[in-house]
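Structure first, then comments.
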Amino acid sequence: MTDGNRQMGNQAERTDEGAGGLEGRPEEIKERKKLFRWFVSLMEERAWLEEMSLQGWFLTDLRMGLWYSFERRKPRRTAYDVERFDLAKNPTRREIQEKSDLMDMAVEMGWREVCRDEGMNYYLAKDWEANETNELYDSPEDRARRLERYNRFFSDKIHMILWACILIEAVAFLFWLFPSEGDEWFLAFSMIYTIFCLTFCLTFLRWKKRYSRELKLSMDEWRGIYGKQNTVTKFRPVLTVGSLERYLERQSAKGYHLKNMRVFRFVFSKGEPEEIAYMMDTKYLTNRRRKKSGGGVFRDSRDWEGRNNDWQVQSLKEAEAAGWEFAGAVECRNILYRARKGKAAPINDVGGLRVISAVGGLTVLIATAALIGAIVGGLIGYFFS
C-alpha cells in the first residue's frame with residue numbers, strides 16, 4: 001500500500017474487524033463500556049489490553065490516552081501492539097515514507113489498526129497464534145527504531161517546557177532589574193511556574209528512562225522481569241547491609257523471593273518457602289578483600305558518581321566462584337547475591353558493624369544538594385539583602 005487510503009484501509013471494515021474479530025467474522029455486539037486508565041508503561045498497557053480480550057472486551061477507541069472504549073465479543077486471546085507515527089520537525093524522505101512502509105509490513109503480518117489517540121500512537125491487534133510471532137517487532141534492531149521515536153517524543157516535550165521556563169524567568173529577571181510597584185505577583189508566579197516546569201521535566205525524564213528500559217525487551221522478556229503475575233511489592237526503609245540481608249532471608253522463608261528491587265521498594269515472586277541466604281557486596285568490601293590478598297584497590301578519582309564498574313566485575317568473579325548468584329544491584333554501589341543456605345561460601349565477614357547503607361548514594365546526594373543550596377542561599381541573602 002502506497003497511498004493514504006490503502007495505508008489505513010476501509011474505515012468501516014477496520015472498525016468491524018477491531019471490535020468484532022480480527023479474522024473478519026461478524027459478531028453481535030452485546031455490550032459496550034468505557035474505562036479510565038492511566039499507564040506509564042506501554043508494555044503494561046499492552047498486557048492489560050490482552051487480558052481484557054480474554055474476558056471478552058475488545059478495544060475500539062481511545063481518547064486522550066486515558067479513556068478506553070470496549071465492545072463485548074466472544075472471548076479470545078488477542079495480541080496488541082503500539083506504534084508511533086508522528087513526524088519530526090524537519091522530516092527526511094525516509095521518515096515521510098516510514099509510516100506507509102510500517103503499515104504495509106503490519107498488514108502482511110496479520111495486524112489490523114484498531115484506533116489511535118491524539119498523540120499519534122496507533123493501536124494494532126491480531127488474533128493470538130501459537131508458535132508464531134505475536135509482536136509487531138521481534139528483533140532488537142526493530143524495537144530500537146521504535147524506541148528512537150518515543151525518545152524523540154519525550155525529548156521534544158522536555159525541550160518545549162524548558163524553553164517556556166527560560167522565557168518566564170527572563171521576564172522575571174527584567175522585573176527584578178527594573179522593579180515597579182505591584183510586580184511582586186509576577187515574581188511569585190515565575191517561581192511557582194518554574195517549579196511546576198522542572199517537576200514536569202523530571203517526570204518526563206523518568207518516563208523516558210522507563211520506556212528506554214522496557215521497549216528494548218520482547219513481551220515475554222518483559223513479563224519475566226516486570227510482569228505482575230504472582231508478585232508482591234513491598235516498601236520498606238532498609239538502611240544497613242546486614243538488616244537488608246536478614247529482611248530478604250525472612251521473606252524467602254515465607255515464600256517471597258526477590259525479583260527486583262529499587263531504593264526502599266522490593267518486588268517478590270510468590271513461591272514455596274526456601275532457606276535462601278543473601279549477601280550484599282560493595283566497593284568498600286571488595287577493596288578490603290583485595291587488601292587482604294595483597295592486591296591493589298579500586299580507586300578512581302574521576303569517578304565522582306561511583307559508576308566505574310571495575311570493582312563490580314571483580315565482585316562478580318569472586319562471588320560466583322564461591323557459589324553465589326547475582327540477584328540485583330542498587331545505585332551502582334551495591335550488588336546483591338543469593339544462594340541456598342550452606343551452598344555458598346561467604347566472601348565477607350558475617351556480622352559486625354557493617355553500616356554501609358543500601359541508599360547511601362542517594363543520602364549523600366540529598367545531603368550535598370542541601371548543603372550547596374544552603375551556601376548559595378546564604379550568599380545571595382548576604383550580598384543582595
Side-chain angles (χ1 to χ4, degrees), residues 4-5 7-24 27 29-87 98-100 102-103 105-107 109-128 134-137 143 146-154 156-157 200 203-204 206-208 210-211 214-215 219 222-223 226-228:
N5 292 331
Q7 289 171 17
M8 298 294 99
N10 182 273
Q11 181 65 39
E13 179 182 352
R14 282 203 319 273
T15 303
D16 291 341
E17 289 177 346
L22 299 173
E23 67 284 353
E27 296 183 30
I29 300 174
K30 298 180 180 179
E31 188 180 352
R32 293 183 175 90
K33 71 175 179 180
K34 292 184 178 181
L35 294 176
F36 178 84
R37 291 289 188 277
W38 182 39
F39 291 96
V40 175
S41 168
L42 195 65
M43 306 293 274
E44 186 176 340
E45 182 183 18
R46 290 170 54 194
W48 176 69
L49 291 173
E50 183 179 321
E51 291 174 5
M52 293 295 291
S53 72
L54 292 173
Q55 300 172 23
W57 292 103
F58 295 87
L59 180 69
T60 58
D61 196 13
L62 177 61
R63 295 293 180 183
M64 304 301 294
L66 297 172
W67 291 100
Y68 295 80
S69 298
F70 293 92
E71 288 182 351
R72 183 86 170 173
R73 300 283 176 168
K74 181 180 178 180
R76 56 181 165 273
R77 188 175 184 182
T78 303
Y80 285 88
D81 216 326
V82 185
E83 181 52 290
R84 181 170 190 81
F85 289 124
D86 60 323
L87 285 174
E98 196 168 35
K99 178 180 178 180
S100 176
L102 289 174
M103 290 300 292
M105 178 198 71
V107 170
M109 295 171 62
W111 294 87
R112 296 292 182 270
E113 178 194 343
V114 177
C115 63
R116 70 176 179 86
D117 65 7
E118 292 77 3
M120 298 303 291
N121 295 296
Y122 283 71
Y123 288 73
L124 309 174
K126 68 186 291 287
D127 283 337
W128 185 273
N134 292 292
E135 294 194 67
L136 188 59
Y137 298 121
R143 289 194 286 268
R146 173 169 58 182
L147 175 59
E148 180 182 348
R149 286 188 282 277
Y150 277 95
N151 281 339
R152 184 180 67 203
F153 163 76
F154 285 115
D156 289 345
K157 294 295 183 184
F200 254 87
T203 301
F204 275 117
R206 187 176 181 86
W207 290 350
K208 180 180 179 182
R210 181 164 186 172
Y211 271 60
E214 294 188 359
L215 290 186
M219 198 64 185
W222 179 85
R223 290 183 194 276
Y226 302 104
K228 294 184 178 180

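Note that the structure is a prediction, hence the values are computed from the model and not measured. Heavy-atom basis, side chains included; hydrogens, waters and symmetry copies ignored. Along the sequence shown, residues carry numbers from 1.
With rounding to the nearest 0.5 Å, the separation of CG in Asp156 from CG in Asn151 is 10.5 Å. Note that CG of Asp61 and CG of Asp117 are 9.5 Å apart. Values are rounded to the nearest 0.5 Å. Tyr150 contributes atom OH, which lies 8.5 Å from atom CG of Asp86 (distance to the nearest 0.5 angstrom). A distance of 10.5 Å separates CG of Leu49 from CG of Asp81, quoted to the nearest 0.5 Å. With rounding to the nearest 0.5 angstrom, the CG atom of Leu66 is 4.5 Å from the CZ atom of Phe36. Here the CZ-CZ distance, from Phe58 to Arg32, works out to 14.5 Å after rounding to the nearest 0.5 Å.
Looking only at distances, no side-chain donor or acceptor of Glu214 sits under 3.5 Å from a matching main-chain atom of Ser41. A donor-acceptor pair is defined here as one N or O able to donate and one able to accept, closer than 3.5 Å; no such pair exists between the side chain of Ser69 and the backbone of Thr60. Counting only distance, with no hydrogens or angles, the side chain of Arg76 and the backbone of Lys74 share a donor-acceptor pair below 3.5 Å. A donor-acceptor pair under 3.5 Å is absent between the side-chain atoms of Asn134 and the main chain of Ala79, judged by distance alone. Judged by distance alone, with hydrogens and angles left aside, the side-chain atoms of Arg146 form a donor-acceptor pair with the main-chain N or O of Val82 at under 3.5 Å. Judged by distance alone, with hydrogens and angles left aside, the side-chain atoms of Arg84 form no donor-acceptor pair with the main-chain N or O of Leu147 at under 3.5 Å.
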* Asked: Could you go step by step and tell me if Tyr68 and Trp57 meet the ring-ring contact (aromatic ring centres under 6.0 Å, His included) rule?
  -> CA-CA 11 Å; Tyr68 295 80; Trp57 292 103; over 10 Å; no
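Side-chain contact between Phe70 and Leu59: present, with at least one pair of heavy atoms (C-beta onward) separated by less than 4.5 Å. Looking only at side-chain heavy atoms (C-beta outward), Lys157 and Lys208 stay at 4.5 Å or farther from each other. Contact of the Tyr137 side chain with the Leu102 side chain is registered, since non-hydrogen atoms from C-beta on lie closer than 4.5 Å.
A salt bridge between Glu50 and Arg223 is present, with a side-chain N of the basic residue lying under 4.0 Å from a carboxylate O of the acidic one. Here Glu31 does not pair with Lys33 in a salt bridge; the nearest charged N to carboxylate O distance is not below 4.0 Å. Look at Arg37 and Glu44 and you find no salt bridge, because none of the NZ, NE, NH1 or NH2 atoms lies under 4.0 Å from a carboxylate O.
No more than 12 heavy atoms of other residues, nucleotides or ligands lie within 6.0 Å of CZ in Arg63, so this atom counts as exposed by the packing criterion. Annotation: Arg152, atom CZ; neighbour count of heavy atoms from other residues, nucleotides and ligands within 6.0 Å is above 12.
The shortest non-hydrogen separation linking Ser53 to Thr78 is OG-N, 3.1 Å. Considering every non-hydrogen atom in both Leu54 and Pro75, the closest pair reads O-CB, 3.3 Å.
Partner of Tyr211 under the ring pair (Phe, Tyr, Trp, His ring centres under 6.0 Å) criterion, chosen from Phe153, Phe204, Phe154: Phe154. Shown are Arg149, Arg116, Lys99; of these, the side-chain hydrogen bond (donor to acceptor under 3.5 Å, both in side chains) with Glu83 is made only by Arg149.
Every residue meeting the side chain to side chain contact (heavy atoms under 4.5 Å, CB included) condition with Met109, not counting sequence neighbours, appears here in chain and number order: Met105, Trp111.
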